[in-house]
There are 2 protein chains.
Amino acid sequence: MTLSDIEFPTPSENADCRPVREILDRIADKWSLYIFVALKDGPVRFNALRRQIDGISQRMLTITLRQLERDGLISRTLFPTIPPRVDYELTAIGRSLLAPVMALMTWADSNRDVIEEARRQYDH
Amino acid sequence: MTLSDIEFPTPSENADCRPVREILDRIADKWSLYIFVALKDGPVRFNALRRQIDGISQRMLTITLRQLERDGLISRTLFPTIPPRVDYELTAIGRSLLAPVMALMTWADSNRDVIEEARRQYDH
DNA sequence: ATAGAGTAGTATCAAATTGTGACCAACGCT
DNA sequence: AGCGTTGGTCACAATTTGATACTACTCTAT
């Protein structure tokens, strides 16, 4: 058996791929993946997320969190203390997305050397 | 066992996550995932890709293909016929990325109803 | 003979997205 | 009294992406 024999599950083959696109466009943006990974071990507060995700601006963190909340992938819990406290947490469906996302992360981690070498060759 | 008991492989825990970020930022952009899926069954020509990936501009297709080629994930083969013909194809390492990518696609496909319902509730 | 389409792009400029501070209000600490 | 912390929002600047036109060559239809 060669690599090209591997069969991948085809998500209903072309049939109505617009909704899938809408979902993937949310996940495959600049920050969503990192928010997911940051939330994998339990609830995290707004500013803790900001510190954990290097380079994200407050604006984009707010916007991306709202979108993920709208999709039901994370939940937002406000504790009306002073100063206010807001916890973000993966929902059940959000956790089910964690498996494929972590698979991607793991792939990226195991293949970084190969990719960096490919880049060096290409740039040369 | 509950969902929170699931353990995910942690990609070398925080250690040097900048290279992983660089790789993920390439994969998790607006178009790379779709190019990957479009190439999953074998080589595809430039304009065929453009027709297959709805909404992509010629410019972004060129740019994204070049970046994926630089990372060694796809190969570019020019046949100097007239009119010219250029085949894009997944490399071995590119095909190894196909598994996690298809897992994401499959997840998006099986969860679109839930997400659309969540959106309706949020918007209401 | 000539107009139109297809090939794989590049160049230029407009539009959309993202980043950068500033600001808010209420409180604790020194 | 002044600074820091909380979780944001707002206006504006910088970056990224999209739209359109152009290339040069050939094949097909009128």
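Below, read A as the first sequence line, B as the second, and so on, with proteins coming before strands; counting in each chain starts at 1.
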Judged by modelled atom types alone, do B:Asp29 and B:Ser32 share a side-chain donor-acceptor pair under 3.5 Å?
yes
Taking only the side-chain nitrogens and oxygens of A:Arg85, find out if one of them lies under 4.0 Å from OP1 or OP2 of D:dG8.
no
Flag, side chain of B:Arg45 to backbone of B:Val86, donor-acceptor distance under 3.5 Å:
no
Taking only side-chain nitrogens and oxygens of A:Arg59, does any of them come within less than 4.0 Å of OP1 or OP2 of D:dA13?
no
Could you tell me the separation between the CD1 atom of B:Ile56 and the C1' atom of D:dA19, rounded to a whole number of Å?
14 Å
B:Asp25 CG - C:dG19 C1' separation (whole Å)
15 Å
Picking from D:dG7, D:dC25, D:dG18, the nucleotide nearest the side-chain atoms of B:Ile82 would be D:dC25
Across the strands shown, which category fits B:Phe79 at heavy-atom distances under 4.0 angstrom: base, sugar-phosphate, nothing?
nothing
Measure from the side-chain heavy atoms of B:Lys30 and tell me the nearest of D:dG7, C:dC27, D:dT17.
D:dT17
Applying side chain to side chain contact (heavy atoms under 4.5 Å, CB included) to B:Asp87 and B:Val44, what does each step give before you reach the verdict?
CA-CA 5 Å; B:Asp87 273 9; B:Val44 183; over 6 Å; no
Indicate whether OP1 or OP2 belonging to D:dT16 is found under 4.0 Å from a side-chain N or O atom of B:Trp31.
no
Is B:Asp25 salt-bridged to A:Lys30, going by a charged N under 4.0 Å from an acidic O?
no
Determine the contact category for A:Arg66: base if any of its heavy atoms lies under 4.0 Å from a base atom, sugar-phosphate if only primed atoms, P, OP1 or OP2 are that close, otherwise nothing.
sugar-phosphate
Can you find a side chain N or O atom of A:Arg45 that sits less than 4.0 Å from OP1 or OP2 on D:dG7?
yes
Rounded to the nearest Å, what distance is computed from the CG atom of residue B:Leu61 to the P atom of nucleotide D:dA19?
14 Å
Find the distance A:Arg51:CZ to D:dG7:P and express it as a whole number of Å.
8 Å
